[in-house]
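For reference, the structure is listed below as structure tokens.
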Amino acid sequence: MKKIKKILAIIMCTCLLFSMVGCSKTENNVGLGYTAGTYTGVSKNGKNGPVKVEIKFSKDKIDSVKVTEHKETKGLTDSAIERIPSEVVENQSLNIDAISGATITCDAILEAVADCVKQANGDVEALKAKKVDKNVSNEVVEKRADVVIIGGGATGMSAAISSAQSGAESVIVLEKASSIGGNAIVSGGYFEYISAPDELRPENTEGYTQVIENILAIEPVDEVHADMQKELKKQYDEYLASGSTKVFDSTYLAALDYLQLESYSTPESMFGFATLLDDTANWLTEMGMTWKPLTGIVGYTWPRWSSPLEGYEGHGYFDLFNKTIEKNNYPVEIMTETPGKELIVEDGKVVGVVAKDSKGTEYRIRANKGVVIATGGFSANMEMVKKYNTMWESIEDVTATTNVGTMTGDGIVMAEKVGAQLALMDDIMLFPMADPFTSTTENIVGDDGDALFVNKEGKRFVNETLDRYTLSAAVLEQPDKMHYLISDNTNSLIKDGHTFNGYDVEEMIEGKQLFRADTLEDLAKQIGIDPEVFVATITKYNESAKNFKDEEFGRISFSKNSTIDEAPYYALPRVVARHITGGGLVRDDQYRVLNEKNEPIEGLYAGGEVTAGMSGISSFGDGMYIGKILFEK
Ligand SMILES: Cc1cc2nc3c(=O)[nH]c(=O)nc-3n(C[C@H](O)[C@H](O)[C@H](O)COP(=O)(O)OP(=O)(O)OC[C@H]3O[C@@H](n4cnc5c(N)ncnc54)[C@H](O)[C@@H]3O)c2cc1C
């Protein structure tokens with residue numbers, strides 16, 4: 001009898017054990033069972049670096065999740081930092097949908113959470129598999145506005161403000177990401193401020209004088225070109241007579257300067273572009289924009305680039321736009337996480353847009369005056385880049401992109417479906433100076449408009465002031481398709497332990513994103529280069545910079561700070577990344593999208609990087625003009 005009791009007890013215990021194991025596998029209780037306590041977890045990389053979280057566990061649940069450290073982009077990833085932790089707690093799950101435009105950040109947060117779960121002896125795989133009630137909506141909402149703008153980046157937000165300023169009574173901006181800004185908000189914010197006041201201009205140098213003389217000496221391609229050169233000469237003579245020591249600039253110089261860079265442009269179109277830049281800078285300044293001193297940037301070395309003095313880089317513009325809308329009570333409704341999906345066409349005319357929010361609600365929005373496509377480029381869409389690329393031999397190797405995740409070419413696809421004409425689609429601009437770990441362009445140490453590039457063999461390989469296509473092609477031919485940007489105490493632009501854009505130098509050094517040494521020999525050793533070769537390269541480069549004469553690569557643009565001769569010395573590893581797409585919708589001078597027969601598609605407008613031949617935050621100008629064209633009488 002005793003024996004039977006014992007066997008029964010064993011059977012019961014075994015059943016209990018099986019049912020407990022089964023319990024941890026049932027849907028509602030997956031992953032339950034932790035070693036209670038507070039844990040810190042860290043991800044490998046978000047967009048700009050690792051994300052750290054702190055989690056409190058009791059023995060059967062996740063009590064709280066908090067992101068304690070991150071370097072993710074302010075604004076664009078705010079909702080990810082806020083929402084993902086609370087959704088993990090609410091659903092007791094790691095099966096959480098990413099937020100559009102912040103996918104990498106969401107993944108990093110979930111990775112850091114998983115790290116904590118593992119430490120607390122939880123079941124990561126079960127939490128990842130746990131189904132979450134997504135609350136899907138089947139609602140359809142009808143709306144109407146004077147203008148519907150698809151995309152709330154540079155073009156979209158300036159079109160919204162300009163429309164309101166010009167008399168629009170209702171403006172709807174559809175934005176795919178969880179906040180406005182697009183690539184423009186993560187950009188360095190560098191805008192070509194041609195008529196900047198003298199106090200923002202650097203001193204003139206022999207190198208700059210030489211550039212102007214070269215532009216004036218070019219054989220003109222047509223009469224317009226010749227007239228522009230004449231006008232520039234007149235302006236330049238006046239400038240010389242004025243005795244100014246500040247660097248010269250004008251719309252004629254900008255137009256002729258860019259004419260050399262853009263193979264498909266004409267002198268007339270470049271003059272139009274330079275005028276747009278000038279009008280836009282004035283419009284922004286009138287709105288209240290204050291500007292930093294002018295500088296050159298990589299690929300565009302004339303010092304005419306400024307960025308917001310207030311607000312962080314590209315953010316400065318959107319801070320100003322938000323303030324302007326609020327202060328003037330402009331009738332602008334911004335619908336975030338609500339991507340435009342298709343255009344509504346009636347009798348051959350575009351009359352509205354269908355959009356869908358993250359809960360599944362469909363919006364059918366009709367536009368009285370027009371629909372504006374402002375969805376930017378498609379560098380974040382590798383499949384689309386591969387589809388159109390004929391420019392680069394091995395685009396598959398360029399896995400990094402500087403873009404935010406929503407830049408997937410949606411506007412091009414939508415417009416193509418209603419018969420829009422596309423052009424320049426194979427114009428894929430790569431950026432030759434992205435961070436190898438995070439793809440960011442913003443943690444530059446050194447002056448990217450006045451740089452020295454050295455490859456893994458310790459040698460220079462290109463005129464660093466050439467355009468980005470040439471520079472990227474040159475980098476892709478170097479060992480490991482990478483290079484180092486070399487700088488010193490005077491041109492590293494480091495201040496108070498931080499880079500020009502505010503990155504912590506010690507953290508970068510710790511993460512091997514930057515190398516620093518008191519001697520050139522030591523710097524060479526740290527990056528695995530033969531010190532003798534490296535020192536010889538720097539010595540030769542310094543000679544070229546001092547004499548404004550670079551016999552090896554023909555560079556003439558050097559500044560007073562170009563030489564590398566004052567410790568500490570820095571080496572910043574850089575790679576090539578997909579950056580800007582030059583192709584897109586064809587439009588006329590009224591910003592109307594054209595069909596294959598070069599006829600306007602009624603009701604459809606477009607501006608910015610989604611259009612053929614336009615890119616950069618000069619797209620603010622497209623938006624500004626679109627608002628005026630649509631609403632000014
Ligand atoms: C890292 C980086 C640095 C840069 N630095 C500079 C710089 O210093 N100076 C410069 O001139 N240029 C710079 N650029 C380029 C510049 O940012 C872009 O060319 C410019 O922002 C293009 O403006 P846009 O309005 O066409 O697109 P964006 O400003 O990118 O805006 C497009 C918007 O459309 C949204 N969108 C996309 N699809 C949909 C959809 N289906 N529905 C609704 N919304 C949608 C996107 O989320 C985004 O908000 C930089 C780019 C990057 C990536």
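For ligands, and for the atoms within them, numbers begin at 1 and follow the listed sequence.
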[X] neighbourhood, listing ligand 1 atoms whose heavy-atom distance to it stays under 4.0 Å:
X      : value
Thr406 : 37 (C), 38 (N), 46 (C), 47 (O)
Gly181 : 29 (O)
Gly340 : 40 (C), 41 (N), 42 (N), 43 (C)
Pro339 : 41 (N), 42 (N), 43 (C)
Ala154 : 23 (O), 25 (O), 29 (O)
Thr441 : 1 (C), 3 (C)
Ser619 : 22 (C), 23 (O)
Asn403 : 53 (C)

Looking at ligand 1, does any of its N/O atoms fall within less than 3.5 Å of an N/O of [X]?
X      : value
Thr338 : no
Ala184 : yes
Ser618 : no

Report task. Using a strict cut-off of less than 4.0 Å between a Lys/Arg side-chain nitrogen and an Asp/Glu carboxylate oxygen, indicate whether Lys71 and Glu507 qualify as a salt bridge. Result -> yes

Report task. Inspect the contact between Lys369 and Asp146 and indicate whether a charged nitrogen and a carboxylate oxygen are less than 4.0 angstrom apart. Result -> no

Report task. Have a look at Glu175, Met335, His579, Lys356 and point out the one with the heavy atom closest to atom 2 (C) of ligand 1. Result -> His579

Query raised in the report: Heavy atoms only: which of Ser158, Ala374, Gly623, Gly152 is nearest to atom 32 (C) of ligand 1?
Result: Ala374

Report task. Apply side chain to side chain donor-acceptor pair (under 3.5 Å) to the pair Asp426 and Asn389, showing each step before the final yes or no. Result -> CA-CA 5 Å; Asp426 62 343; Asn389 170 59; over 6 Å; no

Return yes when atom [atom1] of [X] has more than 12 non-hydrogen atoms of other residues, nucleotides or ligands closer than 6.0 Å, and no otherwise.
X      : atom1 : result
Lys386 : NZ    : yes
Gln590 : CD    : yes
Lys292 : NZ    : yes

Requested in this report: Determine whether the aromatic ring centres of Tyr625 and Phe620 lie less than 6.0 Å apart.
Outcome: no

Query - Centroid separation Trp305 to Tyr193 less than 6.0 Å - result: no

**Report entry** Protein contact to atom 11 (O) of ligand 1 [nearest heavy atom, distance to 0.1 Å]
**Finding:** Ile617 N, 2.8 Å

Query raised in the report: What residue and atom, counting heavy atoms only, is the protein's closest point to atom 31 (O) of ligand 1, and at what distance?
Result: Gly153 CA, 3.2 Å

Query raised in the report: Which is it for Phe453 and Tyr484 under the ring-ring contact (aromatic ring centres under 6.0 Å, His included) test, yes or no, and what are the steps along the way?
Result: CA-CA 6 Å; Phe453 294 178; Tyr484 293 96; over 10 Å; no

Query raised in the report: What part of Asp410 sits under 4.0 Å from ligand 1 if we count only heavy atoms: the side chain, the backbone, both or neither?
Result: side chain

